[in-house]
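Notes follow the structure.
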Amino acid sequence: VDSDLEGVVKCFYRSPGCTDENAFWLLVSLIEDILPKGFIGEGKEAVMPEVQIFKACFKFALPKLAEAIRELDSPIEAWLANWIVPLFKGYLSDTLVDRVFDGLFLDGSTILLRTALGILSLREDNLLKNCTNSTLMLYRLSDLPSSFQESEFEEVYKVKFPPIEKINQMRETLKGNPQADISLTPP
């Protein structure tokens, strides 16, 4: 079993009363209905449309940090996929991963992008102040979610984020043209 899938299944079993059959159907639903096609098991190429959408949201919501990361040549692809492909498993505490899973089943895969953006938002000032070179920025970004405490997590979802309809429209645009410009403009 792929290690990402193994971690996902272990999360299901933390739920009281979860049977093998329940875990199976939750996994099927997650892969077939919730996550973008190919997200788990097909390599990082399948995640690239989500990375492109995240970049647009990042520039929209946190322009100073997005520009600083761009200037330091710390590619978003180098750390974002490592956060979202295992669904934050291994980066957040089990309790917080369970909250991300709740969001996945309630709101869909956009919760992964929103969680990543919120984490960056809450650590933006620290990253801008203390990360003065590419190596340090990449190091801090790679493990950033693990610094979160349960008491902070509600703040993660307060960052400005485009409506789900806009995110879905961006996904559709990228299906037809993977190189399309999907930048966001403030309302």
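Numbers for residues simply follow the sequence, beginning at 1.
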Between [X] and [Y], is there shared hydrophobic-cluster membership here, with clusters defined by ILVMFWY side-chain heavy atoms closer than 4.5 Å?
X      : Y      : result
Ile76  : Tyr139 : no
Phe105 : Trp25  : no
Phe39  : Met48  : yes
Phe101 : Phe24  : no

- Message: Run the side-chain contact (heavy atoms from CB on, under 4.5 Å) test against Tyr13 and tell me which residues pass, sequence neighbours left out.
- Response: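 Here the qualifying residues are Val9, Cys18, Asp20, Ala23.
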- For Ser183, check side-chain contact (heavy atoms from CB on, under 4.5 Å) against everything at least two apart and list the hits.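 Result, side-chain contact (heavy atoms from CB on, under 4.5 Å) vs Ser183: Asp181.
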Flag the pair [X] / [Y] as yes when at least one side-chain heavy-atom distance between them is below 4.5 Å, and no otherwise.
X      : Y      : answer
Cys11  : Val8   : no
Val47  : Leu80  : no
Ser146 : Leu92  : no
Leu184 : Lys59  : no
Thr110 : Ile53  : no
Gln52  : Leu174 : yes
Leu136 : Leu72  : no
Cys131 : Leu138 : no

- Query: Are Lys55 and Glu77 close enough, and set up right, to give a salt bridge (charged side-chain N to carboxylate O under 4.0 Å, His left out), and what steps lead you there?
  - Reply: CA-CA 9 Å; Lys55 285 180 180 180; Glu77 298 85 351; 2.5 Å; yes
Salt bridge or not between [X] and [Y]? Use side-chain N to carboxylate O under 4.0 Å.
X      : Y      : value
Glu67  : Arg70  : yes
Glu124 : Lys129 : no
Glu6   : Lys89  : no

Between [atom1] on residue [X] and [atom2] on residue [Y], distance to nearest 0.5 Å:
X      : Y      : atom1 : atom2 : value
Asn130 : Arg140 : CG    : CZ    : 5.5 Å
Leu120 : Asn126 : CG    : CG    : 12.0 Å
Lys175 : Met170 : NZ    : CE    : 14.0 Å
Ile31  : Leu26  : CD1   : CG    : 11.0 Å
Glu172 : Ile182 : CD    : CD1   : 12.5 Å

- Would you call the rings of Trp83 and Tyr91 parallel, tilted or perpendicular if under 30° counts as parallel and over 60° as perpendicular?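 The arrangement is tilted - the two ring planes meet at 30° to 60°.
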- Message: Pair Leu27, Phe12 - check side-chain contact (heavy atoms from CB on, under 4.5 Å), show working.
- Response: CA-CA 9 Å; Leu27 185 61; Phe12 295 150; 4.0 Å; yes
Taking all heavy atoms of [X] and all of [Y], pick out the closest pair and write down the distance.
X      : Y      : value
Ile111 : Leu104 : CG2-N, 3.5 Å
Ile69  : Ser74  : CG2-O, 3.0 Å
Val156 : Ile119 : CG1-N, 4.1 Å
Ala61  : Val159 : CB-CG2, 4.2 Å
Leu144 : Leu127 : CD2-CD1, 3.9 Å
Pro86  : Ala81  : CD-O, 3.8 Å

- Item | Glu50 vs Leu112, side-chain contact (heavy atoms from CB on, under 4.5 Å): CA-CA, chis, key distance, verdict | CA-CA 9 Å; Glu50 294 299 296; Leu112 299 173; over 6 Å; no
- Message: For a side-chain hydrogen bond (donor to acceptor under 3.5 Å, both in side chains) check, start with the C-alpha distance between Arg171 and Ser109, then their side-chain angles and the critical distance, and finish with the verdict.
- Response: CA-CA 11 Å; Arg171 284 185 179 124; Ser109 64; 3.2 Å; yes
- Item | Steps toward ring pair (Phe, Tyr, Trp, His ring centres under 6.0 Å) verdict (Phe161, Tyr157) | CA-CA 9 Å; Phe161 197 79; Tyr157 298 114; 9.5 Å; no
- Does any N or O in the side chain of Asn177 come within less than 3.5 Å of the main-chain N or O of Thr173, such that one atom is a donor and the other an acceptor?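 Between the backbone of Thr173 and the side chain of Asn177 there is no qualifying donor-acceptor contact (under 3.5 Å).
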- Query: Under 6.0 Å from the six-membered ring centre of Phe148 and within 45° of its axis: does the NZ or CZ of Arg123 meet both?
  - Reply: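 Yes; both conditions hold, so Arg123 lies above the ring face of Phe148.
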- Message: Can you confirm whether Gln149 is buried at CD, in the sense that more than 12 heavy atoms of other residues, nucleotides or ligands lie under 6.0 Å from that atom?
- Response: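 Incorrect, the count does not exceed 12.
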- Could you go through the side-chain contact (heavy atoms from CB on, under 4.5 Å) check for Val97 and Leu87 one step at a time? CA-CA 8 Å; Val97 169; Leu87 312 177; 5.9 Å; no
- For Lys158 and Glu155, run side-chain contact (heavy atoms from CB on, under 4.5 Å): C-alpha distance rounded to whole Å, both residues' side-chain angles, the deciding distance at 0.1 Å, then the answer. CA-CA 5 Å; Lys158 291 183 180 177; Glu155 298 299 313; 3.1 Å; yes
- Query: Which is it for Lys37 and Glu32 under the salt bridge (charged side-chain N to carboxylate O under 4.0 Å, His left out) test, yes or no, and what are the steps along the way?
  - Reply: CA-CA 7 Å; Lys37 183 171 175 44; Glu32 291 184 359; over 6 Å; no
